[in-house]
There are 2 protein chains.
Amino acid sequence: MELVNEEASGRPKRLPREVRERQILDAAVSVFSAHGYHAASMDEVSATAGISKPMIYSYLGSKEDLFAACIRRELDRLLVAIADRAKPGLPADQQLWYGVLAFFEFIGANKDSWSVLHRQASEHGGPFAAEHRLLRTRAIELVAALVISAAGRSEHSEIGAAAQRTGESLAAAVVGAGESLADWWLDNPQESARHLAERMMNVVWAGFGNLMDGKVWAPPPEADE
Amino acid sequence: MELVNEEASGRPKRLPREVRERQILDAAVSVFSAHGYHAASMDEVSATAGISKPMIYSYLGSKEDLFAACIRRELDRLLVAIADRAKPGLPADQQLWYGVLAFFEFIGANKDSWSVLHRQASEHGGPFAAEHRLLRTRAIELVAALVISAAGRSEHSEIGAAAQRTGESLAAAVVGAGESLADWWLDNPQESARHLAERMMNVVWAGFGNLMDGKVWAPPPEADE
DNA sequence: AGCCGTACCTACTCGACAGTAAGTTTATTG
DNA sequence: CAATAAACTTACTGTCGAGTAGGTACGGCT
């Protein structure tokens, strides 16, 4: 229950709403990430933020509202961090590389964000799951566009339609692998972001290569039940 | 809050402990999977099982005990289902294929199991996370062994040591992709298990191919900060 | 100075839920 | 047909935590 704010001065300074809201969100992300949505208590959030409970209710609303605010803020931060590095105009593999690298570097610097965004946000049926799905959907679309445009430029461009479908599932698998790798990283922090990004690229780029060459793995002929 | 047990007969038959325990576990898996560990209430579990609360405490112990029992049972069922199909002695790609296929077929037939095993079990710091990590660790070891043995048999067998390391991270990415694909499937049930398994293989097998050929993707020379 | 709004607090209510005490009913076996 | 044990119940306790009522203190403005 680490204190996040409050100067050394005993005086609880009177701060403008904007600042307090930021502090409360910081504390909330930290607490939600540590215990999960249900196990987290508003009392602990308020204690961590160094402020009393009614302030939270006055500024950010109910516990659900607070959680939603956390997700929205962290999602924005993540998307901005990625967009800042994966500039369009680069070759496809470099675009993907810098995007992936930015992703892992952000997670590395903000593990709490990822925990809240991915682990906690997916555990609900309500509006949180929708918010969470948005992240995944955007990422998949982004990657799929990359894959398909790269495949279109290759010498086997006549595979068009099939590549489109395969490209989309490939993108889903890629994003999934990224999410799981990030999850795994939370429990195994000894690796570097760059390392993880390279591993991603090694798996992913191989799939891209086969897609561009039209190579597909096929299951063995039916011999099972 | 679907009733899981209880015959049409109004008489609440008196059943042996063994049977009740199974019914309670069934109900618990369903409830935990629906709401998550914290939001699930023992009252709902007992109602779903069609039995009164003290029976649960008498047979299975505390809420934590009950949850742990769920995880253990579902994990066993999953591992047995996979081991039943991925027989050693098959060629590596078929072993992997049948293993992956069995995995997705099990998940498809037991979505609640997967939810409890993967989503809920990972949200804790206690003994549950350890239990969950066991699943992942076993799966990674299994896949890594496959990859490395396959690479050893290829014409580039001299890449030995490097392949070992790359093979392990490849296995981690593969398992991660599988987990995420399964998670994604919970929210998008329109696909078939066979379809998902084929998608997995397409990504995975491409990575295998590159590994065997010693091809590695490398990041562009440093030009960023 | 005195007024007003906003930052901020202590101290409660009230409902939900884990866990239990203490009993009642049914099958079985000597 | 006892009598014993196991299956099963209702009806409670205690706690924890979301949300609030009803304030106090501090700064800006005229």
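Numbers restart at 1 for each chain; the letters A, B, ... are given by sequence-line order, proteins then strands. Keep in mind that what you see is a predicted model, and the values were worked out from it rather than measured. All values below were derived from every heavy atom in this structure, side-chain atoms included, with hydrogens, water molecules and symmetry-related copies excluded.
- To the nearest angstrom, P of C:dC8 lies 11 Å from CD of A:Glu21.
- The residue A:Ala39 sits apart from the nucleic acid: no heavy atom pair falls under 4.0 Å.
- Counting heavy-atom neighbours within 6.0 Å of B:Arg22 CZ, excluding the residue itself, gives a total of 12 or less.
- For A:Leu15 and C:dT6, the CG to P distance is 16 Å, given to the nearest whole Å.
- Note on B:Ser62: only backbone sugar-phosphate atoms sit closer than 4.0 angstrom, heavy atoms only; bases stay farther off.
- Interatomic distance, NE2 of A:His118 versus CG of A:Leu186, reported as 9.0 Å (0.5 Å rounding).
- Between the OH atom of A:Tyr37 and the P atom of D:dG17 there is a distance of 14 Å, rounded to whole Å.
- We find that OH of A:Tyr57 is positioned 8 Å from C1' of D:dG17, with the value rounded to whole Å.
- A:Ser41 comes within 4.0 angstrom of sugar-phosphate atoms only, judged by non-hydrogen atoms across all strands, and of no base.
- Listed pair A:Arg20 / C:dT6 fails the phosphate criterion, with no side-chain N or O lying under 4.0 Å from OP1 or OP2.
- The base of D:dC26 sits with one of its N or O atoms less than 3.5 Å from a complementary donor or acceptor on the side chain of A:Arg14.
- Rounded to whole angstrom, the span from the CD atom of B:Glu64 across to the P atom of C:dG19 amounts to 8 Å.
- Under the side chain to side chain contact (heavy atoms under 4.5 Å, CB included) test applied with B:Leu60, the options B:Val45, B:Leu66, B:Asp65 reduce to a single match, B:Leu66.
- Here A:Trp114 and A:Phe103 bring their ring centres to under 6.0 angstrom of each other.
- Between the side chain of A:Trp97 and the backbone N or O of A:Met201 there is no donor-acceptor pair closer than 3.5 Å.
- When distances run from any side-chain atom of B:Pro54 to the nucleotides D:dT9, D:dA21, D:dC26, the shortest one goes to D:dT9.
- Between B:Met42 atom CE and D:dT13 atom P the separation is 21 Å, expressed in whole Å.
- Between A:Glu44 atom CD and D:dC16 atom P there is a gap of 14 Å when expressed in whole angstrom units.
- Taking atom CE of residue A:Met55 and atom C1' of nucleotide D:dA25, one finds them 13 Å apart after rounding to whole Å.
- Two residues, A:Tyr59 and B:Lys53, neighbour DNA chain C, and the one matched to the more 5' nucleotide by heavy-atom proximity is A:Tyr59.
- Projected onto DNA chain D by closest heavy-atom contact, A:Gly61 and B:Pro16 fall at different nucleotides, the more 5' of which corresponds to B:Pro16.
- No donor-acceptor contact under 3.5 Å links the side chain of A:Arg17 to the base of C:dT6.
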